[in-house]
Structure formats: C-alpha cells, structure tokens
Amino acid sequence: MDADALTTISDGSGRRSLRRVLDLLTGLPAVQADLLPFETNGEAYSLPRFTVFASRDVEPIRLGIFAAIHGDEPAGALGVVKLMLELARRPEWASNYHVTAYPICNPTGFEDNTRTSRRGRDLNREFWKNSTEPEVRILEDELHARHFHGLIQLHADDTSDGVYGFVRGHTLTENLLRPALQEAGKVLPRNVGATIDGFAAEDGIISQHYEGVLAAPKEMEPVPFEIIFETPQKAPMELQVEAFSVALRTIMTEYLLLMSFAQNI
C-alpha cells in the first residue's frame, strides 16, 4: 500500500469509494468476503467483513480487527487491507488463527470523510448502550456471536505526534501492545508523553477508555485481550499504513508465543 492508496480508493469526485476498497480484497484466495447489509436514511448500505481461516486441524485463535469506525481515519482501513493481502500471499502467517476483519465500520462516514456517520453519530461512543444505530447493532451482534479471543481497533489521532495504544481486558494485553509499539516505532515515532488524548499514559500505553467504545460484551468468557492502536493522523499515509500492518503482525506473533509459553508452564 503506497502513497497513492487514497487515490486508488477515490471515486474521482472527492468521495471515498467503499466499492474500490472491497475490490482490493474480493476474490483473493483464502479470503472470504461478506457484506452485512443495513439501511440508513432510507439508503441501502453494507458493512464489509473479510475472513482468513486458519488450519482446519487445530482450534484457531479467533481474532477480530476493526477499523474506520471514524470515517475520516482511512489509514486504519488501508492497514487492514494491507494485512489481509499479506495473509492471502503468506497464509502461514495466519497459522492457528481465524482472522475476521472489518476494515470499514462506518461506511457512510468513510465515503463522506467525516468522523461521524451520515446520521451524525460518533459510532465509537454508542456501544453497549442500547444504540439504535444500525452499524453499531451489526457489530454488537458480531461481537456476541464470534467470541473473539482478541480484539484490535485501529485509529488515527490528529493530536498525537507518535504511535500509542489503549489496553483492556485480558491481563496479558500490555505484553502484546508493548512489542507492537516497539516495532511500529521503527516506522513512526512513539508517543511517550505522560498524558495522551487526555489520559495518563506510560511509555505510550493507556489503560483508561472513553465510554461507549467498541469492546467485547461485558459478560464474555474467557475475557479477550483488547487493544486500540493509534497512529499520528498527520503522518504520511503510507507510513501509517505500514505502522498498522507491522503492529498487527507483531501482536499476532506475540500472542502465539505467549499462548505456547502458557501451555508449557
């Protein structure tokens, strides 16, 4: 994914094209493409879902990856596309995994280049609040049904000058984010401020959260790891995409290592 990525996904009128993003992944070997339909303001839309299956002879690690829930943060969507293209070419990288990716969680906002949906809602403040927003209801159903072992959200922060992340859920989560930040920090600077996005931070890691963000159901057992990975939105697009891709691959590798270590204790 290079510097022309945004041009590639533009429809020529200044709006981003959901279809062009889907075309980058649809039809790839080992990648299953699905569209989850919904209606907003009387218009029919779909929320895309892409899946890479692990080897059938093992119980896979179920990983959910979510991006562009804020429609003006396209780097996350492109980071997911880059990862899925890499997994399609190198399926051994997904060994022991069942990766389900939602590259554009806010299709109308993505098209319009707005943080909110076309209904004017910040979808990432709506989760588990009995929201009537159709995108949120679709994703909540997915989170309930798929029982992910881990959730990763991708975001871009226009107030940060470096990569950082939020952790919650499983106690090992910080041990996954730390090496991801280290590797992504070779692509973009790391934000090591004591306060990031209004929260106390240590070495680029935050353990508090906004209310209503996309998250696993509270009753989910076993408790999954949950990571929100952020890039500096003002950095070059191709570097943000690469940082996301590196971070995702690192988290996947580290989780396998930690699970292998735990089984040998």
Side-chain angles (χ1 to χ4, degrees), residues 1-10 14-18 20-22 24-25 48 50 63-87 93 99 101-107 109-116 122-124 151-167 176-193 196-197 199 201 203-206 213-214 227-254:
M1 202 66 61
D2 57 25
D4 295 327
L6 277 181
T7 302
T8 301
I9 62 174
S10 170
R15 284 163 60 110
R16 299 202 179 103
S17 170
L18 178 64
R20 287 178 181 244
V21 175
L22 301 184
L24 292 171
L25 293 176
F50 296 96
L63 178 65
I65 305 174
F66 305 81
I69 196 164
H70 292 141
D72 60 351
E73 299 173 10
L78 296 172
V80 172
V81 169
K82 181 176 172 63
L83 175 72
M84 299 302 274
L85 290 171
E86 290 171 339
L87 295 182
W93 288 1
V99 180
Y102 307 81
I104 303 177
C105 295
N106 178 0
F110 182 83
E111 283 193 344
D112 298 345
N113 191 28
T114 57
R115 177 181 177 89
T116 63
D122 184 339
L123 301 179
N124 209 34
L151 309 178
I152 306 173
Q153 278 194 70
L154 305 183
H155 283 271
D157 184 346
D158 63 358
T159 68
S160 178
D161 58 3
V163 297
Y164 68 93
F166 295 81
V167 295
L176 300 174
L177 178 57
R178 196 173 299 281
L181 288 171
Q182 181 176 346
E183 292 304 309
K186 298 174 184 177
V187 180
L188 286 169
R190 183 168 174 173
N191 189 334
V192 294
I196 303 174
D197 201 22
F199 295 104
D203 205 22
I205 298 176
I206 302 168
V213 299
L214 187 153
I227 291 173
I228 301 173
F229 192 91
E230 303 254 4
T231 58
Q233 192 173 29
K234 295 177 182 177
M237 181 65 61
E238 67 271 21
L239 295 184
Q240 292 187 65
V241 172
E242 180 62 22
F244 280 134
S245 178
V246 167
L248 289 168
R249 294 199 311 270
T250 302
I251 291 168
M252 291 175 67
T253 299
E254 291 295 322

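What's counted below: heavy atoms across the whole structure, side chains too, no hydrogens, waters or symmetry copies.
Side-chain contact check for P232 versus L188: some heavy-atom pair is nearer than 4.5 Å. Using a 4.5 Å heavy-atom threshold, the side chains of V192 and Y164 count as separate. Between V187 and V163 the shortest side-chain heavy-atom distance does not fall below 4.5 Å. Within the 4.5 Å cutoff, the side chain of Q153 has heavy atoms near those of the N124 side chain. V213 has its side chain out of reach of F166: every pair of non-hydrogen atoms, C-beta onward, lies at least 4.5 Å apart.
When all heavy atoms are compared, the tightest approach of L123 to C105 is CD1-O, 4.0 Å. Closest of all the heavy-atom pairs between T116 and T114 is O-OG1, 2.8 Å. Minimum interatomic distance between A77 and P103 (heavy atoms only, all atoms of both residues): CB-O, 3.2 Å. Residues A180 and A247 approach most closely at CB-O, 3.9 Å, considering heavy atoms. Scanning all heavy atoms of the two residues, the minimum distance from A184 to A243 falls at CB-O, 3.9 Å. Shortest non-hydrogen contact noted between A235 and Q240 is O-NE2, 3.0 Å.
For the atom pair I104 CD1 and L78 CG, the distance stands at 8.5 Å (nearest 0.5 Å). A distance of 8.0 Å separates CG in D158 from CG in D72, rounded to the nearest 0.5 Å. To the nearest 0.5 Å, atoms CG (N191) and CG (D157) are separated by 8.0 Å. Distance OG1/T159 to CD1/I196: 9.0 Å, rounded to 0.5 Å. Atoms CZ and CG, from R178 and D203 in turn, are 5.5 Å apart once rounded to the nearest 0.5 Å.
Checked for salt-bridge contact, K234 and D161 miss the test: no charged N lies under 4.0 Å from a carboxylate O.
Between the side chain of E73 and the backbone N or O of Q233, no donor-acceptor pair lies under 3.5 Å. A donor-acceptor pair under 3.5 Å is absent between the side-chain atoms of D197 and the main chain of F199, judged by distance alone.
Under the 30°/60° scheme for interplanar angles, the aromatic rings of F229 and F244 are found to stand perpendicular.
When each of L248, T231, I228, I227 is checked for a side chain to side chain contact (heavy atoms under 4.5 Å, CB included) with L154, only L248 meets the rule.
Looking at residues two or more places apart in sequence or on another chain, you find a side-chain contact (heavy atoms from CB on, under 4.5 Å) between E86 and K82, L83, R89, W93, S245, R249. Under the ring-ring contact (aromatic ring centres under 6.0 Å, His included) criterion, F50 pairs with no residue, sequence neighbours left out.
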Between R115 and N106, does the side-chain contact (heavy atoms from CB on, under 4.5 Å) criterion hold? Intermediate values first, please.
CA-CA 9 Å; R115 177 181 177 89; N106 178 0; over 6 Å; no

One pair to check against side-chain hydrogen bond (donor to acceptor under 3.5 Å, both in side chains): D122 and H70. What are the steps and the verdict?
CA-CA 7 Å; D122 184 339; H70 292 141; 2.9 Å; yes

Apply side-chain contact (heavy atoms from CB on, under 4.5 Å) to M252 and V99, showing your working.
CA-CA 10 Å; M252 291 175 67; V99 180; 3.9 Å; yes

Is there a side-chain contact (heavy atoms from CB on, under 4.5 Å) between V246 and K186? Walk through the geometry before answering.
CA-CA 9 Å; V246 167; K186 298 174 184 177; over 6 Å; no

